[in-house]
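Within every chain, numbering begins at 1; the chains are lettered A, B, ... in the order of the sequence lines, protein sequences first and strands thereafter.
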2 protein chains.
Amino acid sequence: MMKAKIDDVAKLAGVSKTTVSRVMNKRGYLSDKTVKKVHDAMNELNYHPNVVARQLFKQETKLVGLIFPTVNNPFFGQLVSSMEKKLFSKGFKVLIGDSMNDPDKEKLYLQELMTHQVDGLIVGAHNHGIEEYKNTNLPIVAIDRIMNKDIPVVSSDNYLGGQLATQLLIDNGARIIVHTNDPQNIKSPAQKRRSAYEDTMIHNGLDPIVYTLEFDSNSDKKIDSIKRIFKENPNIDGLFVSNDMDAAQVMDVAKDLGYRIPEDLKVVGYDGADITRILLPSLTTVVQPIDKMADVAVSTLVARMQDVSYSSNKILPVKIWRGKTV
Amino acid sequence: MMKAKIDDVAKLAGVSKTTVSRVMNKRGYLSDKTVKKVHDAMNELNYHPNVVARQLFKQETKLVGLIFPTVNNPFFGQLVSSMEKKLFSKGFKVLIGDSMNDPDKEKLYLQELMTHQVDGLIVGAHNHGIEEYKNTNLPIVAIDRIMNKDIPVVSSDNYLGGQLATQLLIDNGARIIVHTNDPQNIKSPAQKRRSAYEDTMIHNGLDPIVYTLEFDSNSDKKIDSIKRIFKENPNIDGLFVSNDMDAAQVMDVAKDLGYRIPEDLKVVGYDGADITRILLPSLTTVVQPIDKMADVAVSTLVARMQDVSYSSNKILPVKIWRGKTV
DNA sequence: CTCCATATGTCAACCGGTTAACACATGGAG
DNA sequence: CTCCATGTGTTAACCGGTTGACATATGGAG
């Protein structure tokens, strides 16, 4: 059975298709009687306008591309979900690309989003050196990463967060403090947390000790890396973990090795997403204002689309959530 | 600056636009020299074909609509993420609608997806009585819910899971066992877990005790409902919670009230999503095969799109993950 | 009488890619 | 000589909705 088209609605309503288009777009003079006739015909035919035709004509898709490492993660999941809601309320729908920290996947997704003629992009993936963004000629907002000077960035204060986390450990007596972070080829915001950690440690006359954890949750390789931290630092008494998922894994391994948290080992995580706060409320963590980041990112993108002025670089405040691990 | 069109590529390559189209679609006879000339021109112009025009002509968008309560939740987040990956590998992109268990939102999203001419739908929202699905004439796959006899359903074995969870509590000595569940107007799979719990309790000569928890995480109202469980059942020694997020909250409240888990109170959750397994590994829970559900749902949808045969009702097995809460 | 507002219709081009049908050219096999 | 394969071009219609320009009709105000 054929889908109803505007001509079918026009015929059933006994008006021209121009009139149907006028009713749909609320344009021109229209009597109440005609409007009702058209709506009745649409309902009877179960007519859905084909936005593809409209998109082609208007050169605008009302689609926004979101490129993020994954949504199966508390921080990114909440951020993407929050942005999707805000964009929907402004009449946009989102196409999501999970880049999994793989530059080739990120390029592929970008390519796909370009062919789908998205009206804008919000990019939170952190692969370095993707030159293709330069060529898109699209309004872009970046999350947590500087892409170039023309693209506004929304982030939380990762440096301050790193300072707060490290200082909290020091102030609570920790001295042999290890920091875990992403590989350095991944230009993620966690690198600022590392810088802050290192600066704060040196400032307190302590030795920075950094371990790299790969971005692939729950793999044996990661567990091995975590075990190596304890093996190589038997006197460890503090851990600043660059994200909450890793923090959970680190604590699990620590407990298996006999450490009591926080008596023997104090732990601070990072992100404080809603899911984490419910599933692991005991974790002391640096809380990013995720919903606020989403709000600012969407507002900035819409402002760019409309060529109105916007603030180029937003750094939103973080705060410490005191659980029980420090 | 204008976006390059197929005519621009043709002109730069010195061929006809029909030849460019033949190159893009790998159709007809083409010399290697011509193919190279066209590709070079595309690269030089940074040309992205406009799939909107193609969609209009071919009457196919390669978009799939996903309607789920939310993605900011371990179970749904993993399920949607997994489906998105599988659909992308088959050439589809997804448009997501978060219905938040609100029938009006679900209808609105469905409407929007229809106007975007999605090629199919995977529906995991559980609002009752949305008649509009009947009119879509689209291939639809449902997750965890019977919509009508024509729509294939993919679910895990919620009844068996409920049995296993309840029996595990009983086998480990619990006798005053409470079950928490969604409101009954929400036709979620959790209702089968409730049935199983009730049947298993009665079968063991015990009284079923069910409490309703609203679907809005971390609200004070929910905390109050949880507190009421302990107030009204001072001799409680077992809890079967219908999802892991609620289980975490229930345990948090229980600990605040002085219960030791599992000594004083044994707890079993449900879902076992990857995120939960990392953030709360101690939780004993019924693990759904989320990635397998995603795989089956996508395969079934694609089969429906291609009018090839498929299995109408897939119930996938669950298993118990023994953490430390039982 | 003229002009304006209201109301609806007609016409046709447009958005960008797809593609069928056919034309023309060349070379080789039967 | 005929037919087929290879290679490329031309033409034009199509997908569905949008919309400007203009036409026609009616009624009322100045």
Side-chain angles (χ1 to χ4, degrees), chain A residues 1-42 45-63 111-112 114-119 137, chain B residues 1-42 45-63 111-112 114-119 137:
Chain A
M1 188 259 266
M2 267 318 216
K3 265 190 244 173
K5 295 175 288 192
I6 198 170
D7 283 316
D8 302 318
V9 175
K11 183 168 289 184
L12 183 61
V15 298
S16 73
K17 77 174 194 181
T18 302
T19 295
V20 177
S21 182
R22 285 177 178 141
V23 169
M24 289 203 290
N25 295 291
K26 296 176 171 59
R27 198 176 44 83
Y29 298 108
L30 293 160
S31 69
D32 288 340
K33 184 181 161 198
T34 297
V35 172
K36 186 181 184 304
K37 283 200 297 183
V38 169
H39 282 157
D40 288 347
M42 285 179 176
L45 293 170
N46 191 38
Y47 171 75
H48 294 280
N50 184 335
V51 309
V52 175
R54 181 182 292 159
Q55 286 168 340
L56 184 58
F57 179 78
K58 284 189 174 275
Q59 307 257 301
E60 181 182 75
T61 56
K62 289 295 193 185
L63 296 174
Q111 197 89 285
E112 287 290 324
M114 291 306 295
T115 72
H116 278 264
Q117 311 291 305
V118 294
D119 295 337
N137 268 81
Chain B
M1 184 259 266
M2 264 326 211
K3 266 188 243 174
K5 294 174 289 190
I6 196 169
D7 282 315
D8 303 318
V9 176
K11 181 168 289 184
L12 183 62
V15 298
S16 73
K17 79 174 192 181
T18 301
T19 295
V20 177
S21 183
R22 285 176 177 140
V23 170
M24 288 202 291
N25 295 291
K26 297 177 170 58
R27 200 178 39 82
Y29 298 109
L30 292 160
S31 69
D32 287 340
K33 183 179 158 198
T34 297
V35 172
K36 186 179 184 308
K37 282 199 299 186
V38 170
H39 281 157
D40 289 347
M42 285 178 176
L45 293 170
N46 191 39
Y47 170 75
H48 293 281
N50 183 336
V51 308
V52 174
R54 181 183 292 158
Q55 285 170 339
L56 184 58
F57 179 78
K58 284 188 174 275
Q59 307 258 299
E60 182 181 74
T61 56
K62 288 295 193 186
L63 295 174
Q111 197 87 286
E112 287 290 325
M114 290 307 295
T115 72
H116 278 266
Q117 311 291 306
V118 294
D119 295 336
N137 268 80

Could you measure the distance from the [atom1] atom of [X] to the [atom2] atom of [Y]? Nearest 0.5 Å is fine.
X: M42(B); Y: L12(B); atom1: CE; atom2: CG; answer: 11.0 Å
X: I6(B); Y: L45(B); atom1: CD1; atom2: CG; answer: 12.0 Å
X: M24(A); Y: H39(A); atom1: CE; atom2: NE2; answer: 9.5 Å

Can you measure [X] atom [atom1] to [N] atom [atom2] for me and round it to whole angstrom units?
X: M42(B); N: dG17(C); atom1: CE; atom2: C1'; answer: 11 Å
X: K37(A); N: dA7(C); atom1: NZ; atom2: P; answer: 14 Å
X: K17(A); N: dG9(C); atom1: NZ; atom2: C1'; answer: 13 Å
X: F57(A); N: dA12(C); atom1: CZ; atom2: P; answer: 17 Å
X: D7(A); N: dC11(C); atom1: CG; atom2: P; answer: 13 Å
X: M114(A); N: dG17(C); atom1: CE; atom2: P; answer: 13 Å

Can you pull the contact range of chain B along DNA chain D, 5' to 3', using atoms under 4.0 angstrom from its heavy atoms? dA5(D) to dG16(D)

K11(B), NZ: over 12 other non-hydrogen atoms inside 6.0 angstrom: no

Please report the shortest heavy-atom distance between [X] and [Y], naming the atom on each side.
X: Q55(B); Y: T61(B); answer: NE2-O, 3.0 Å
X: L56(A); Y: A53(B); answer: CD1-CB, 3.9 Å
X: Y47(A); Y: K5(A); answer: CE1-C, 3.6 Å
X: P49(B); Y: Q117(A); answer: O-NE2, 3.6 Å
X: A10(A); Y: V20(A); answer: CA-CG2, 3.7 Å
X: L63(B); Y: H116(B); answer: CD1-O, 4.1 Å

So what is the end-to-end bend of the helix from dC1(C)-dG30(D) to dG30(C)-dC1(D), with 5 pairs used at each end and the value given to 10 degrees? 50°

Using the 3.5 Å cut-off, write out each protein N or O paired with an N or O of nucleotides 20-26 of chain C and the distance between them.
none

So, S16(A) and T19(A): side-chain donor and acceptor under 3.5 Å apart, yes or no? yes

Closest nucleotide of DNA chain D for V15(B) versus for A53(B): which of these residues is on the 5' side? V15(B)

Let me know, please, whether V52(A) or K58(A) comes out on the 5' side of the other along DNA chain D by nearest nucleotide. V52(A)

Using a cut-off of 4.0 Å on non-hydrogen atoms, how would the nucleic acid contact of [X] be classed: base, sugar-phosphate, or nothing?
X: N25(B); result: sugar-phosphate
X: S31(A); result: sugar-phosphate
X: S21(A); result: base

